Amino acid sequence: MSPADRKQFLSDLGPIRSQAARCIRCGFCNPACPTSNVMSAFKDSRTSRGRLILLQSLVEDSGAIEPYSSNFKDLIDLCYACRRCVPACPAGIPIPDLMAHARYAYLKHKTETALTLGHWIYANYGLFDRFGSATAPVSNWMLRRGIVRRLMEWTT
């Protein structure tokens with residue numbers, strides 16, 4: 001991988017990339033991860049900890065990790081963000097958020113048309129989480145109104 005590609009990937013990964021460096025490789029996330037506990041997870045890279053170590057190696061520039069390869073994307077896509085690993089992690093690393101950002105960086109590089117609004121929202125989940133919590137009283141009040149509820153049901 002060229003240094004420019006690595007730099008672009010890390011830039012697209014955003015500030016959350018610092019979370020990968022915090023991994024102590026304890027493996028507590030593996031028993032919590034449903035994709036780490038299947039027969040196909042016979043390789044370390046297919047486990048939750050393995051995927052995090054791939055990102056950690058990329059961030060620390062150790063190893064020959066190619067973030068724009070289909071193999072890398074396949075490994076990142078194994079995480080379907082159930083968030084069961086987050087409370088199991090003693091370092092509190094938001095592994096699903098890291099995987100979402102890695103997926104976003106990959107898709108952004110491959111083609112801008114591959115990115116959907118959903119990818120962007122998922123990659124910036126924390127922002128929407130804080131916004132939703134701050135506006136919960138207003139949202140809940142609006143949802144109790146029949147017309148607003150019907151409009152939302154119709155649009156979604």
Side-chain angles (χ1 to χ4, degrees), residues 5-38 41 45-60 65 67-68 70 72-156:
D5 281 347
R6 181 182 172 280
K7 184 177 179 180
Q8 182 61 49
F9 185 84
L10 292 176
S11 172
D12 291 338
L13 196 57
I16 198 164
R17 69 178 175 260
S18 64
Q19 296 291 329
R22 295 180 43 233
C23 178
I24 58 174
R25 301 179 181 198
C26 65
F28 288 175
C29 54
N30 284 342
C33 178
T35 62
S36 294
N37 295 313
V38 294
S45 60
R46 295 183 63 86
T47 64
S48 182
R49 180 181 73 167
R51 293 187 295 265
L52 186 54
I53 291 170
L54 281 175
L55 284 179
Q56 189 179 55
S57 298
L58 186 62
V59 168
E60 295 174 355
I65 309 297
Y68 297 127
S70 61
F72 182 84
K73 171 95 171 31
D74 290 344
L75 291 172
I76 297 303
D77 281 346
L78 289 174
C79 176
Y80 54 86
C82 66
R83 305 192 73 77
R84 290 172 54 185
C85 57
V86 177
C89 178
I93 299 169
I95 298 170
D97 297 346
L98 274 165
M99 298 303 139
H101 279 77
R103 192 175 295 116
Y104 175 81
Y106 175 89
L107 290 171
K108 185 176 178 185
H109 174 78
K110 287 302 181 182
T111 172
E112 287 292 326
T113 59
L115 286 174
T116 64
L117 178 62
H119 287 112
W120 185 82
I121 289 172
Y122 189 64
N124 294 291
Y125 173 80
L127 172 71
F128 288 95
D129 187 34
R130 288 188 299 277
F131 178 75
S133 295
T135 61
V138 174
S139 304
N140 291 336
W141 180 82
M142 288 179 63
L143 284 173
R144 282 189 225 107
R145 306 297 165 252
I147 188 140
V148 173
R149 179 175 285 190
R150 284 190 294 280
L151 179 64
M152 288 183 68
E153 287 173 354
W154 180 77
T155 58
T156 59

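These figures come from a predicted structure and were not determined experimentally.
- A donor-acceptor contact shorter than 3.5 Å links the side chain of S57 to the backbone of I53.
- Between the side chain of T135 and the main chain of V138, no donor-acceptor pair closer than 3.5 Å is present.
- Scanning both residues, I93 and L98, for their nearest heavy atoms gives CG2-CD1, 3.7 Å.
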Kindly determine whether L58 and F9 satisfy side chain to side chain contact (heavy atoms under 4.5 Å, CB included), including the steps that lead there. CA-CA 9 Å; L58 186 62; F9 185 84; 3.2 Å; yes

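- The two residues K108 and D12 come nearest to each other via the heavy atoms NZ-OD1, 3.3 Å.
- Note that CG of L151 is 10.0 Å distant from CD of E153, once rounded to the nearest 0.5 Å.
- Here the side chains of M99 and L55 are in contact, with some heavy-atom distance below 4.5 Å.
- Taking the side chain as every heavy atom from C-beta outward, C85 and P96 approach each other to under 4.5 Å.
- Expressed to the nearest 0.5 Å, how far CZ of R83 lies from CG of D97 amounts to 4.5 Å.
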Assess whether side chain to side chain contact (heavy atoms under 4.5 Å, CB included) is satisfied between L75 and L78, documenting all intermediate values. CA-CA 5 Å; L75 291 172; L78 289 174; 4.2 Å; yes

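- Contact between I16 and P94 at its shortest, heavy atoms only, is CD1-CG, 4.3 Å.
- Considering all non-hydrogen atoms of both residues, Y68 and A105 come closest at CE2-O, 3.8 Å.
- Panel note: side chain R103, backbone I76; a donor-acceptor pair is recorded below 3.5 Å.
- Considering CG of D74 and OH of Y106, their distance stands at 7.5 Å, rounded to 0.5 Å.
- Put simply, CG on D5 and NZ on K7 are 12.5 Å apart, with the number rounded to the nearest 0.5 Å.
- Listed for the R17 side chain is no donor-acceptor partner under 3.5 Å among the backbone atoms of V59.
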Please lay out, stage by stage, how R51 and I95 fare under the test side chain to side chain contact (heavy atoms under 4.5 Å, CB included). CA-CA 9 Å; R51 293 187 295 265; I95 298 170; over 6 Å; no

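- Separating the OG atom in S18 from the CG atom in L13 is a distance of 9.5 Å, to the nearest 0.5 Å.
- To the nearest 0.5 Å, atoms CG (L10) and NE2 (H101) are separated by 13.0 Å.
- Here the side chain of Q56 pairs a donor or acceptor atom with the backbone of C23 at under 3.5 angstrom.
- T35 and C33 make their closest contact through OG1-SG, 3.0 Å (heavy atoms, listed as atom of the first residue, atom of the second, distance).
- The minimum heavy-atom distance between R49 and N30, with the atom names listed, is N-OD1, 3.0 Å.
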